[in-house]
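So that the names make sense, note that chain A is the first sequence line, chain B the second, and so on, each numbered from 1.
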2 protein chains.
Amino acid sequence: MTTTPTTTPPDEEFLRLDRQICFSLNAASRAFGGVYRTLLKDLGLTYPQYLVMLVLWEDGELPVKRLGERLRLDSGTLSPLLKRLEAAGLVQRERSARDERSVNVRPTDAGTELRTRAALVPRRIAAATGFDLAEIEDLRARLDRLTSALDGAALDA
Amino acid sequence: MTTTPTTTPPDEEFLRLDRQICFSLNAASRAFGGVYRTLLKDLGLTYPQYLVMLVLWEDGELPVKRLGERLRLDSGTLSPLLKRLEAAGLVQRERSARDERSVNVRPTDAGTELRTRAALVPRRIAAATGFDLAEIEDLRARLDRLTSALDGAALDA
DNA sequence: CGCAATTCAGTTGTGCGCAATTGAATGACG
DNA sequence: CGTCATTCAATTGCGCACAACTGAATTGCG
């Protein structure tokens, strides 16, 4: 087949499933979910709950608002999630004294102790990917750039 | 700081949120979701529904099982999703005559017509990423490789 | 043929993820 | 000081995603 300049690759060509990055991205995200699910089962955490604990281990204590900013999640997701973590005895929530609209979240002792057990997770995840650290870092950088671009583009809606 | 061979980077170092590829991946996936949400609103489709239609546009008709294999989704996700697509008049479901356990799904005329309107979506998505086609293709290949590795690693659970 | 294992779609229950709304608390402004 | 807009967390409603289960249909095997 020679090139057909009058009918360059039509839009429909790009509708093929195997051409959609979003699909590959979505599939990779869910594949990660599966691996995390098995790894985190011992800790009694889901993957999003694990992300919340990561932030709390770093920051110690912070309002729900900041937590949402760091994780790109809103209160509709975080409120019930934090209640479950509180019910599990891993975090504590309390209204800020300075600003009673705000709720501060911090890990309990049990939540803090969980960190040492969680410390093994990243290495096992990295091993499951089959990528070396440089590859992972490169991919992460590309994905962050992608997210920034997409978030920027979403503003034009 | 010189190299400290006795205490190489501890596991805890990798617990930092900004070190987790999974988080970048998850964030990128949801950022895509946001862009698709606005783009697909005109078509009356959600993003997963759009993926289903992509497969149906390619294959014309196929059983739920095959649909799930191509999209990496199970019946728990697809059954209600397909019901909604059927209620919207975009697909038709019917029991296979050869094997009554199987249900074949195919686009209705309205579903097929939607394809021409959807043809504009991929280009607009590509534009939103700010990546050129080669970059997208490269990223897609890496992600697919990642998914394969993760799916393979999940089997050891 | 007859029975057991397998293969299907569908259902149920739990947990995100997000839009939209609610209602309390705060801050700005006259 | 009062009013009004803003800023919070929480709630509601809907749609995935996945595990576990159900029940019908089919296949395999003796």
Side-chain angles (χ1 to χ4, degrees), chain A residues 22-23 25-38 40-41 44-52 62-69 71-88 91 93-105 151 154 157, chain B residues 22-23 25-38 40-41 44-52 62-69 71-88 91 93-105 151 154 157:
Chain A
C22 61
F23 173 68
L25 200 59
N26 199 15
S29 180
R30 284 185 287 124
F32 255 122
V35 176
Y36 272 104
R37 208 182 324 281
T38 61
L40 294 175
K41 183 173 290 180
L45 293 176
T46 66
Y47 170 61
Q49 289 167 8
Y50 169 72
L51 291 182
V52 167
L62 76 177
V64 174
K65 181 73 190 298
R66 293 241 174 283
L67 192 54
E69 287 168 356
L71 294 175
R72 209 182 176 284
L73 293 172
D74 71 354
S75 64
T77 299
L78 289 176
S79 285
L81 187 156
L82 291 171
K83 278 192 177 179
R84 283 187 285 272
L85 283 180
E86 188 173 44
V91 309
R93 295 181 305 149
E94 60 183 7
R95 291 266 161 203
S96 165
R98 288 190 307 97
D99 184 343
E100 296 229 342
R101 293 168 304 179
S102 180
V103 169
N104 288 327
V105 185
D151 280 345
Chain B
C22 61
F23 173 68
L25 200 58
N26 197 17
S29 181
R30 284 183 287 122
F32 255 122
V35 177
Y36 272 104
R37 208 184 322 281
T38 60
L40 293 175
K41 184 173 287 180
L45 294 175
T46 66
Y47 170 62
Q49 290 167 6
Y50 168 73
L51 290 182
V52 166
L62 77 176
V64 174
K65 182 70 189 299
R66 292 239 174 285
L67 192 54
E69 287 168 356
L71 294 175
R72 209 181 175 286
L73 293 173
D74 72 354
S75 63
T77 300
L78 288 175
S79 286
L81 187 156
L82 290 170
K83 277 191 177 179
R84 283 186 286 271
L85 283 179
E86 188 174 43
V91 309
R93 294 182 306 149
E94 61 184 4
R95 291 268 161 201
S96 165
R98 289 187 307 95
D99 184 344
E100 295 229 340
R101 292 168 305 178
S102 180
V103 170
N104 289 326
V105 186
D151 281 346

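Taking the side chain of B:Thr77 as heavy atoms from C-beta on, and the options D:dA17, D:dA19, C:dC8, the nearest nucleotide is D:dA17. Side-chain proximity of B:Ser75 to the nucleotides C:dG10, D:dA9, D:dG15 is greatest for C:dG10. Listed nucleotides: C:dC18, D:dA19, C:dG15. Nearest to the side chain of A:Gln49: C:dG15. Nearest to the side chain of B:Thr46, among D:dG15, D:dA10, C:dG15, sits D:dG15.
Across the protein-nucleic acid pair, B:Asp74 atom CG and C:dT12 atom P stand 16 Å apart, rounded to whole Å. At whole-Å resolution of the value, CG in A:Asn104 and P in D:dA10 are 11 Å apart. Atom CG in B:Leu82 sits about 14 Å away from atom P in D:dG15, given to the nearest Å. Separating the NZ atom of A:Lys65 from the C1' atom of D:dT6 is a distance of 11 Å, rounded to the nearest angstrom. For A:Leu71 and C:dG15, the CG to P distance is 18 Å, given to the nearest whole Å. Atom-to-atom, CD of A:Glu86 to P of C:dG15 comes out at 15 Å; the value is rounded to the nearest Å. Rounded to whole angstrom, the span from the CZ atom of B:Arg95 across to the C1' atom of D:dA25 amounts to 9 Å. Straight-line distance from the CG atom of A:Asn26 to the P atom of C:dC16: 17 Å, rounded to whole Å.
To the nearest 0.5 angstrom, B:Lys83 atom NZ is 9.0 Å from B:Glu86 atom CD. In this structure, the separation between OG on B:Ser29 and CZ on A:Phe32 is 12.0 Å, given to the nearest 0.5 Å. Distance check, rounded to the nearest 0.5 Å: OG1 of B:Thr46 to CZ of B:Arg84 gives 7.5 Å. To the nearest 0.5 Å, atom CG of residue B:Asn104 and atom CZ of residue B:Arg66 are 10.5 Å apart. The CG atom of B:Leu67 lies 15.0 Å from the CZ atom of B:Arg72; values are rounded to the nearest 0.5 Å. Atom CG of residue B:Leu78 and atom CD of residue B:Gln49 lie 11.0 Å apart, to the nearest 0.5 angstrom.
Note on B:Lys41: nothing from the nucleic acid sits closer than 4.0 angstrom, heavy atoms only. As judged by a 4.0 angstrom heavy-atom cut-off over every strand, A:Leu78 is placed among residues making no nucleic acid contact. Using a 4.0 Å heavy-atom criterion, one finds that A:Arg66 contacts no nucleic acid atom at all.
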What N/O pairs connect the protein and nucleotides 26-28 of chain C at under 3.5 Å? Give each pair on its own line.
unit_1	atom_1	unit_2	atom_2	d
C:dT26	OP1	A:Glu100	N	3.3

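Residues B:Val35 and B:Thr38 come closest through the heavy atom pair O-OG1, 2.8 Å. The two atoms that bring B:Arg30 and A:Leu71 nearest to each other are NH2-O, 3.2 Å, heavy atoms only.
Between A:Lys83 and D:dA10 there is no side-chain N or O to OP1 or OP2 distance below 4.0 Å.
Place B:Pro48 and A:Gly34 on DNA chain D by their nearest nucleotides, and B:Pro48 ends up nearer the 5' end. Of the two residues contacting DNA chain D, namely B:Leu81 and A:Ser79, the nearest-nucleotide position lying further toward the 5' end is that of A:Ser79.
As the counterpart of D:dA20, C:dT11 is assigned, both hydrogen-bonding distances of the Watson-Crick or G-U wobble pattern falling under 3.5 Å.
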